Amino acid sequence: MIEGILIGLTTALTFQNILMVMVGCFFGTIIGMLPGLGPMTAIALMIPITYGFDPATGLILMAGVYYGAVFGGSTSSILLNAPGVPGTVATSFDGYPMAQQGKAGKALAIAAWSSFAGGTLSAIYLLFMAPSLSKVSLSFRSPDYFALMILGLTAIAAFSSKGQFLKAMMMVVLGLMLASVGQDSLSDITRFTFNNMNLTDGISFVLVVMATFAMSEALTIILKRNDPTSAAKQVSLTELGSIKINKEERTKMYKTIPRNDPTSAAKQVPRSSVIGFLIGVLPGAGATIASFLAYGMERNVVSDEEKEKFGKGSVNGLSAPETANNAACSGSFVPMLTLGNSRKWNNSCNVRVHS
Amino acid sequence: VNINTTKIISLLFFIFSVFYLYTAYQIQVFAFDENAPFNARTFPIYLGYAGLFFSGLKLILPDPNTIKVEHKYLEYKKTGILVIIAIIYGATILKVGYFLTTSLFLFASYYFLGERRWILMFILSFPFVAAFMYLLHGVLNIYLRDPFLQSIGVMG
């Protein structure tokens, strides 16, 4: 095993491969920033370029693009409240309020550090746990996926603030209603399409996210442009602010519970990276579910005082989903590298390069 | 004026759920699936009832979260116009194409939002959309259907 790791390390540390990671991350970040264009688009664009490389270099370039695109999505989530990719929807819950408070630079820095930490830790998990986890990934069947989805939906209870449970459940039902538009996956019968061919494939998740976040934000800004309190918020949005993370914020990112608490061993970044990685391992699940679950879990773990800040610019609320979505990226490499299983859409292109 | 937005949203969602449930019952399933325990209309029907249940409950139960709305500060007219422009944009983009509709949408939006610097409005609509379209279509190879540009021979 050690020999294999050393061979991999030698390959990864060649000048060409390091350059490919940097190029891939750069272009992935740029594409991920554009609302509506995600990792799938970024990877698909890179496929023709990889034909001239050996498989390892091509895979490294693709991985760089993939990680970069998921991270890039957080930038538009924080600055515009328009998530670039579905995996960064949870990032906007606390990232955008931070930007409204004139702390956009700080929010971007926290997102960058969390993504880096989540990606790095999950790469270590990938190194040591891939063979054993591949069996878990294969053992997942329809009932298990059903249970996972129910778990994801019940996490809504964690997002809803006090007294808002019914409102949250209404939105869960609305989301499921929108998801039921299009062809039924079991019988191929079309539902709620009203004979419109464009609806046969259903309503894209990215489209719904853009409509609910970006469009509503744009209309709210216009509606309240003369409102003195709203105008102050818009002024603060144009200020990037400092990108320096102070000691208190660092503590919140890595250590949410006081040291004298018996549960203080549980740190935020490792915790979110573990949940992100494990969700990422499952074919079909991914960065989106991982980030929502990490956000919900973090909200339940922090103190009551910190819980009140969730949705209003909490450092934990921003850091947890960002850590988890990047950790899920590494997790999704487990079924692909060990089994050649490309059921996850983001990785299907990577498998092509790998094979 | 005090408005409880949650009650208004709940009422709208209740009406939407009634329509959804009605449409769910209209879904045509295969004859052999008609009496199956689970067919294409089972899940939508349950969802429709769930929508009615949650929104009805939210309507009935007391909700103290009212917000004070200062109508004098709100720009209803401009927002309404922008919504109408957006609907026209959505309805015409497939028939006319990305370039012309997006440019006109941006130009009209700037105008109705009060911008009067014509040169800036022009630069941030037509050339900007052309550059963005070139980035997507020309550089990134993402296909954008454009009957207008095809009709004047700019696009193949």
Side-chain angles (χ1 to χ4, degrees), chain A residues 27 30-31 34 36-37 40-42 44-48 153 161-194 196-198 207 211 215-216 218-231, chain B residues 6 9-10 13-14 16-17 19-21 23-24 26-30 33 36 38-44 46-59 61 63-65 69-70 72-76 78-83 86 94 109 112-114 132 135-136 139-142:
Chain A
F27 281 105
I30 298 281
I31 294 171
L34 299 173
L37 301 182
M40 189 171 65
T41 318
L45 291 170
M46 286 290 164
I47 286 181
L153 292 175
S161 51
K162 203 175 176 185
Q164 298 294 332
F165 178 71
L166 273 179
K167 205 170 158 184
M169 287 312 293
M170 267 163 54
M171 292 304 108
V172 169
V173 172
L174 179 65
L176 290 171
M177 283 174 170
L178 291 174
S180 68
V181 173
Q183 244 172 352
D184 173 34
S185 55
L186 290 175
S187 60
D188 284 347
I189 288 171
T190 51
R191 301 184 295 199
F192 309 106
T193 56
F194 307 102
N196 187 336
M197 284 294 286
N198 295 315
L207 197 72
M215 194 68 192
S216 65
L219 291 176
T220 309
I221 288 171
I222 295 161
L223 187 70
K224 294 183 176 177
R225 65 193 305 209
N226 291 332
D227 188 342
T229 52
S230 179
Chain B
T6 309
I9 291 166
S10 304
F13 191 63
F14 189 85
F16 175 75
S17 296
F19 172 72
Y20 182 89
L21 191 59
T23 320
Q26 308 304 313
I27 295 170
Q28 294 290 320
V29 294
F30 296 119
D33 242 5
F38 196 94
N39 58 32
R41 71 164 83 108
T42 314
F43 188 55
Y46 280 118
L47 276 179
Y49 281 117
L52 286 177
F53 174 73
F54 288 121
S55 55
L57 216 56
K58 193 74 192 163
L59 271 173
L61 292 175
D63 183 21
N65 298 324
V69 178
E70 290 287 351
K72 62 179 178 180
Y73 291 129
L74 298 181
E75 296 265 12
Y76 287 115
K78 279 182 180 166
T79 312
I81 290 172
L82 205 77
V83 170
L94 279 178
S109 304
F112 285 112
L113 288 175
F132 194 71
L135 173 74
L136 291 178
V139 180
L140 300 178
N141 216 14
I142 297 168

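Numbers restart at 1 for each chain; the letters A, B, ... are given by sequence-line order, proteins then strands. Since we're looking at a predicted model, the values are computed, not measured.
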Margin query: Can you tell me which portion of A:Asp188 sits under 4.5 Å from chain B's heavy atoms? Options are side chain, backbone, both or neither.
Written below: neither
Notebook entry, point to check: Heavy atoms, side chains only, cut-off 4.5 Å: are A:Phe192 and B:Pro44 in contact?
Noted result: yes
Margin query: So for B:Phe19, is it side chain, backbone, both, or neither that comes closer than 4.5 Å to the heavy atoms of chain A?
Written below: side chain
Margin query: Does any backbone or side-chain atom of B:Ile27 lie under 4.5 Å from a heavy atom of chain A? Answer side chain, backbone, both or neither.
Written below: side chain
Item checked: Side chain / backbone / both / neither for A:Leu176 at chain B, heavy atoms under 4.5 Å -> both
Notebook entry, point to check: Is chain A contacted by the side chain of B:Ala24, its backbone, both, or neither, given a heavy-atom distance below 4.5 Å?
Noted result: both
Checklist line | Test ring-ring contact (aromatic ring centres under 6.0 Å, His included) applied to B:Phe13 - qualifying residues, sequence neighbours left out | finding: none
Next item on the list: Using atom types as modelled and distance alone, determine if a side-chain donor or acceptor of A:Asp184 lies under 3.5 Å from a backbone N or O of A:Ile189.
Entry: no
Check: Looking just at side-chain N and O atoms, do A:Thr193 and A:Asn196 make a donor-acceptor pair shorter than 3.5 Å?
Finding: no
Notebook entry, point to check: For B:Gln28, is it the side chain, the backbone, both, or neither that has a heavy atom closer than 4.5 Å to a heavy atom of chain A?
Noted result: backbone
Notebook entry, point to check: For B:Phe30, is it the side chain, the backbone, both or neither that has a heavy atom under 4.5 Å from a heavy atom of chain A?
Noted result: both
Next item on the list: Please determine, among B:Ser55, B:Gly48, B:Gly80, the option with the most heavy-atom pairs under 4.5 Å with chain A.
Entry: B:Ser55
Check: With only heavy atoms counted, which part of B:Leu113 is less than 4.5 Å from chain A, the side chain, the backbone, both or neither?
Finding: both
Next item on the list: Select one option (side chain, backbone, both, neither) describing which atoms of B:Leu82 are under 4.5 Å from chain A's heavy atoms.
Entry: side chain
Check: Any side-chain heavy atom of B:Thr6 within less than 4.5 Å of one from A:Lys167?
Finding: yes
Checklist line | Between A:Ser180 and B:Tyr20: side-chain donor-acceptor atoms closer than 3.5 Å | finding: yes
Item checked: Closest non-hydrogen atom pair, A:Met215 against B:Ala86 -> CE-CB, 3.9 Å
Item checked: Options A:Ile31, A:Leu223, A:Thr190, ranked by heavy-atom pairs under 4.5 Å with chain B, top entry -> A:Leu223
Next item on the list: Please assess B:Phe16 against A:Met177 for the test side chain to side chain contact (heavy atoms under 4.5 Å, CB included), listing each intermediate value before the final yes or no.
Entry: CA-CA 10 Å; B:Phe16 175 75; A:Met177 283 174 170; 3.5 Å; yes
